[in-house]
Amino acid sequence: MATMENEIKKRRTFAIISHPDAGKTTLTEKFLLYGGAIATAGMVKGKKSMKHAVSDWMEIEKQRGISVTSSVLQFEYDGRCINILDTPGHQDFSEDTYRTLMAADSAVMVIDGSKGVERQTIKLFKVCMMRHIPVFTFVNKMDREARNPFDLLEEIEQVLGINTYAMNWPIGSGRDFKGVYQREERKILQFTAADNGRHEVASEEVDLADSDRLEAMLGEDLYQTLADDVELLDGAGAEFDLDEVSAGRLSPVFFGSALTNFGVEPFLKDFLRMTSSPLARATADDIVDPFDKDFSAFVFKIQANMNKAHRDRIAFMRICSGKFEKGMEVLHVQGNRKMKLSQPQQMMAEERQIIDEAYAGDIIGVFDPGVFSIGDTVCAPSRKIRFEGIPTFAPEHFSLVSPMDTMKRKQFVKGMEQIAQEGAIQIFRPLGGGMEEVIVGVVGTLQFDVLVYRLKNEYGVDLRMQGLPYSHIRWIENEDLDPRTLQLSSDTRRIEDLKGNKLLLFTSPWNIDWALDHNDGLELAEFSRN
Ligand code: G4P
């Protein structure tokens, strides 16, 4: 019988992070295929729907259903119930992408073997590090010409600051890709590209000790390289230590090729073996155990309904403990109000489904009549706990925004505040300034288009937008410091947010260093906890 404890134990909730085009969609799709959640490849719509022109906002809106659908995928594999959280890339990259990572218990980092660690991967990785969640690396596209695997590992270690442990080792790449050596089993999984140019793969296991057969199979050069590499790995590499993996200090690395399906299933199996069931969550003064029978969850993402006639929204929450049952009464802690969560839904591969129950580790989307904010807690009314908030992440694009028509100021302020509350944009103003003109910061520029569209459509306000040259923002951590006393380069700007936090806008990382060098004791943070 499905007890609550068993249900929670079998859950694995993780995000896949990568730079666009590294192969996240392809890998996700292969996972779904193994789980039997989809029948054929090419059904996951994530990427194509993200490849729209920025101006094509109406189109995006029409496709919202798709991006909602692909934001969480649940399927069963090997007796486990898997929740994959999608982290949108391309133009859809936004603060939501970061927030999604707050709901994951671990992450799979996909790296293109020919490119190594890329920009977006670095940003997402930093958030994983902040949370100390385990990160598993899949070096993809080994069927294409790839960089030297030792260099790739070194780059991961240097650029990301995490230790690595190669679980398998590639033999050649591109045309010469012959497969991987599986270190634990000391066996070779062979890759054979099909004659017809398609990507069927025959895999055969061969023992490393069987040198005659291996040399015949790999050729002299590749065999020798492999023998040397393995010696080097075994001799000089770090020890494998699962505790280090769980603490997010050691990343197990797997080489493979998602497109040709090579190394994907062994990766999935090992990954699931090494990851844990849902992790405990911290509240302000306690830790909530996922197996606690009382339901609790927190909101990590709010999706506005783009239809003007319906101002409703969907709030996505991660269940942290217990069991959710449709129609149950919960307490919305921040609103101090008891409520029923209506239209609870979950994404099963392709479809959005209304669900009757869900467990710790699961993500559910619920109808939000406009009461939730990012980071809010809902829980069994007897509990009244408050999960630690979700940080505000640094936007990278800034515009000065005001209403074209000054008579529309009231609607302007209301609209801006509402959209900021949903977490789609952040708003700032000059120190001590009013709301006549605000500085809007976003993580991905698509949010500017969303803002213009929504202010016009929902609030009847045309916006005047002027792009600003800043690319970096930092929260001033020193509590009683008056920013006016700071020595700053002339192109650095002092601002505040609506909660009164003081911030600085910089045009380059160089200016951040300059500020730190010229102001003793100044503490700057890349994200804000309040
Ligand atoms: P993303 O979600 O990370 O953005 O990447 P996605 O999976 O969409 O993959 C990006 C491109 O890389 C796709 O090609 C995909 O087929 C290809 N790809 C993914 N994994 C592998 C791999 O292991 N080996 C090789 N050789 N290619 C891989 P595309 O031509 O841009 O798109 P499509 O027309 O094939 O969909």
Side-chain angles (χ1 to χ4, degrees), residues 14-34 37-38 40-52 63 66-67 69-73 84-94 96-97 100-101 107-125 128 135-147 149 152 168 170-180 189-194 196-203 253-268 271 349 444 446:
F14 63 93
I16 308 192
I17 63 173
S18 73
H19 193 80
D21 281 341
K24 181 164 64 82
T25 311
T26 311
L27 189 67
T28 307
E29 195 165 82
K30 295 289 146 72
F31 285 172
L32 293 178
L33 279 169
Y34 292 127
I38 55 171
T40 48
M43 285 173 74
V44 177
K45 299 192 183 79
K47 184 177 166 222
K48 289 287 180 290
S49 66
M50 287 174 205
K51 265 191 171 171
H52 35 235
Q63 292 176 1
I66 294 169
S67 78
T69 308
S70 61
S71 61
V72 190
L73 300 160
I84 302 185
L85 296 162
D86 187 31
T87 53
H90 298 268
Q91 291 98 331
D92 265 4
F93 192 72
S94 71
D96 271 345
T97 312
T100 297
L101 293 176
V108 167
M109 173 166 76
V110 185
I111 284 177
D112 182 330
S114 68
K115 300 205 170 121
V117 179
E118 296 176 89
R119 198 164 159 263
Q120 190 164 303
T121 312
I122 300 175
K123 292 196 219 170
L124 294 166
F125 180 85
C128 296
V135 177
F136 297 80
T137 306
F138 187 80
V139 180
N140 192 28
K141 303 198 186 181
M142 293 309 295
D143 58 306
R144 293 237 183 107
E145 228 36 70
R147 287 171 46 190
L152 284 167
N168 65 18
I171 306 165
S173 72
R175 275 171 185 279
D176 291 334
F177 186 49
K178 294 282 191 274
V180 291
L189 198 60
Q190 193 187 5
F191 173 88
T192 329
N196 57 8
R198 293 174 63 109
H199 302 290
E200 272 98 50
V201 174
S203 23
V253 180
F254 300 77
F255 293 84
S257 160
L259 186 68
T260 60
N261 228 344
F262 185 81
V264 176
E265 198 162 19
F267 168 64
L268 183 60
F271 165 70
L446 182 69

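Numbering of ligands and ligand atoms starts at 1, following listing order. Side chains are part of it too, since the values below use all heavy atoms of this structure and drop only hydrogens, waters and symmetry mates. What you see is a predicted model, and the numbers here were worked out from it, not measured in a lab.
Atom numbering of ligand 1 starts at 1 in the shown order; those under 4.0 Å from a heavy atom of Ser18 are 3 (O). The atoms of ligand 1 that sit less than 4.0 Å from any heavy atom of Thr26 are 6 (P), 7 (O), 9 (O), 15 (C), 19 (C). With ligand atoms numbered from 1 in the order given, ligand 1 contributes 22 (C), 23 (O), 24 (N) to contacts under 4.0 Å with heavy atoms of Ser257. Of all the atoms in ligand 1, the ones that sit under 4.0 Å from a non-hydrogen atom of Pro20 are 4 (O).
Taking distance alone, with nitrogen or oxygen atoms compared against 3.5 Å, Ala258 approaches ligand 1 more closely than that limit. Of the polar atoms of Leu27, none of the N or O atoms is found under 3.5 Å from an N or O of ligand 1, judged by distance alone. Note: an N/O pair closer than 3.5 Å links Asp143 and ligand 1 by distance alone. In terms of polar-atom proximity, Leu259 is counted as a contact of ligand 1, with an N or O under 3.5 Å from an N or O of the ligand.
For the pair Ile111 and Thr137, the minimum side-chain heavy-atom distance is below 4.5 Å. You'll find the side chain of Ser114 stays beyond 4.5 Å of the side chain of Arg144, heavy atoms only. Residues Pro20 and Gln120 have side chains in contact (heavy-atom distance under 4.5 Å, counting atoms from C-beta outward). The shortest side-chain heavy-atom distance between Cys128 and Ile17 falls under the 4.5 Å cut-off.
Of the options Phe262, Phe177, Phe191, a side chain to side chain contact (heavy atoms under 4.5 Å, CB included) to Met142 is made by Phe177 and by none of the others.
Checking side-chain atoms of Asn140 against main-chain N and O of Asp112 turns up no donor-acceptor pair under 3.5 Å.
At least one heavy atom of Asp21 sits under 4.0 Å from some atom of ligand 1.
Ring centroid separation for the pair Phe138 and Phe271 does not come in under the 6.0 Å cut-off.
At a heavy-atom distance under 4.0 Å, atoms from both the backbone and the side chain of Lys24 approach ligand 1.
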